[in-house]
Amino acid sequence: MPELPEVETVRDGLARWVAGRTVARVEVTHARAVRRHLAGAQDLAARLTGATLASAERRGKYLWLPLAGRAEALVAHLGMSGQLLVQPPESADEKHLHVRIGFTDGGRELRFVDQRTFGGVLLDVLAPTVDHPEQQVPAQIVHIARDPVDPLFDEAEFSRRLRRRDSAIKRALLDQSLVSGIGNIYADESLWRARLHGERPARGLTRRQVEDLLGHVRDVLGAALRAGGTSFDALYVNVNGQSGYFDRSLSAYGREGEPCPRCGTAIARNSFMNRSSFFCPSCQRPPRRAALSSPRRAALSP
DNA sequence: TATTTAACCTGGACGC
DNA sequence: TGCGTCCAGGTTAAAT
């Protein structure tokens, strides 16, 4: 599933293959892929045709390609299975090809392919960021927090906000308005490295624990980025259709029943937030019931 | 206001 | 072989 390392790998590919090129035509073959462009597919195509894609930017799991000389950008989110592929025009259409963008140079096309259709593209105006108004991001994502590898990420502010939360740590890590780029896989991996159970209340964490957790988040994201991201199947690939290799380095996620690399206890799995959570029952002690937030306590009561 | 839940969606895996 | 069910999870509107 595309989280920060996967999206950054795609962004890097777009910067190499697409930036500086001028759009000649846009074809939308699946309306759901542009559902967040409220003016519709025709409007998206009309406004994008003739525009030059200046660069490739990212915040968290969102990508955008600013249009040269205009305060607008082509925004993309990969959802769970979205792919942005750079393909020769003559190559066969992918089964789930939803948007095709051709360029005036006649070279490789940019294709948005998405099996589960949770992702999409849209054209959006740029707006100043809250913390650094001299910087601009697409208006629809101004609520998305900076990610932990952003040089302007404010650790002190993150710690303060996290430790004020009346919810579980994992839920907070997945909240993109608190910290972006982390999904289910890297949340579990980071918590395993920090020896923290995801259901522990965020409010009970010390500053030191938050610093430690953040360090592990950065380590995991960095290692995954160097491996080209995590791929369990063909759903995540870079712009050239290649998979990443970080799944071979995962310690907890997807390893139910396998020995914990640290203590040998079998990795456990439970359901949390309608998702699977993987953890070591020995290294990551579950919180005492009294420490759980009230709704969670009520949910666990017989 | 803060937090939690449910819905969206498709195809692979699995059991019968 | 074919059918039905479950599962994967990022985002956000709606509910609590």
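Residue numbering restarts at 1 for every chain, and letters A, B, ... go by the order of the sequence lines. This structure is a prediction, so every number in the text was calculated from the model and none was measured.
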Would you mind telling me which of C:dT12, C:dG10, B:dT4 lies closest to the side-chain atoms of A:S167?
B:dT4
Mind checking A:R36 for me? I need base, sugar-phosphate or nothing, with any heavy atom below 4.0 Å counting as a touch.
sugar-phosphate
Below 4.0 angstrom from OP1 or OP2 of C:dT11, is there any side-chain N or O of A:H77?
yes
A:T29 side chain to A:H98 main-chain N or O, any donor-acceptor pair under 3.5 Å?
yes
Heavy-atom count around A:Q42 CD within 6.0 Å, excluding the residue itself: above 12?
no
Hydrophobic clusters here meaning ILVMFWY residues chained together by side-chain heavy-atom distances under 4.5 Å, can you tell me if A:L65 and A:V7 are in one?
yes
Specify the separation, in whole Å, of atom CG of A:L38 and atom P of C:dT12.
12 Å
Let me know the distance between CZ of A:R203 and C1' of B:dT3, rounded to the nearest Å.
12 Å
Give the intermediate values and the outcome of side-chain contact (heavy atoms from CB on, under 4.5 Å) for residues A:L250 and A:R255.
CA-CA 8 Å; A:L250 294 172; A:R255 304 247 183 258; 4.0 Å; yes
Would you verify whether the NZ or CZ of A:R21 falls within 45 degrees of the ring axis of A:F103 while also being under 6.0 Å from that six-membered ring's centre?
yes
A:E3 CD to C:dG10 C1', straight-line distance once rounded to whole Å
9 Å
For A:L178 and C:dG10, what is the distance between atoms CG and P respectively, to the nearest whole Å?
16 Å
Specify whether A:Y62 and A:H77 have parallel, tilted or perpendicular ring planes, treating 30° as the upper limit for parallel and 60° as the lower limit for perpendicular.
perpendicular
What is the distance, to the nearest angstrom, from the CZ atom on A:R171 to the P atom on B:dA2?
16 Å
For C:dA8, does either OP1 or OP2 sit under 4.0 Å from a side-chain N or O belonging to A:S276?
yes
Give me the bend of the helix from B:dA2-C:dT16 to B:dC16-C:dG2, using the axes of the five pairs at each end, rounded to 10°.
50°
Minimum-distance pair of heavy atoms, taken over all atoms of A:A252 and A:F278:
O-CB, 3.2 Å
What one-letter contact string describes nucleotides 6-13 of chain B from 5' to 3', where B marks a base within less than 4.0 Å of any protein heavy atom, S marks contact via sugar-phosphate atoms alone, and - marks no contact?
B-BBBS--
Rounding to an integer number of Å, can you tell me how far A:N270 CG sits from C:dA8 P?
11 Å
So if I apply the side-chain contact (heavy atoms from CB on, under 4.5 Å) rule between A:R58 and each of A:L63, A:D150, A:V137, which one comes out positive?
A:L63
Is a side-chain donor-acceptor pair under 3.5 Å present for A:E3 with A:N184?
no
A:L174 has an atom CG; how far is it from atom P of B:dT5, in whole Å?
14 Å
Interatomic distance, A:R161 CZ vs B:dA2 C1' [rounded to whole Å]
12 Å
Give A:R269 one of three labels, base, sugar-phosphate or nothing, depending on what nucleic acid heavy atoms sit under 4.0 Å from its own.
sugar-phosphate
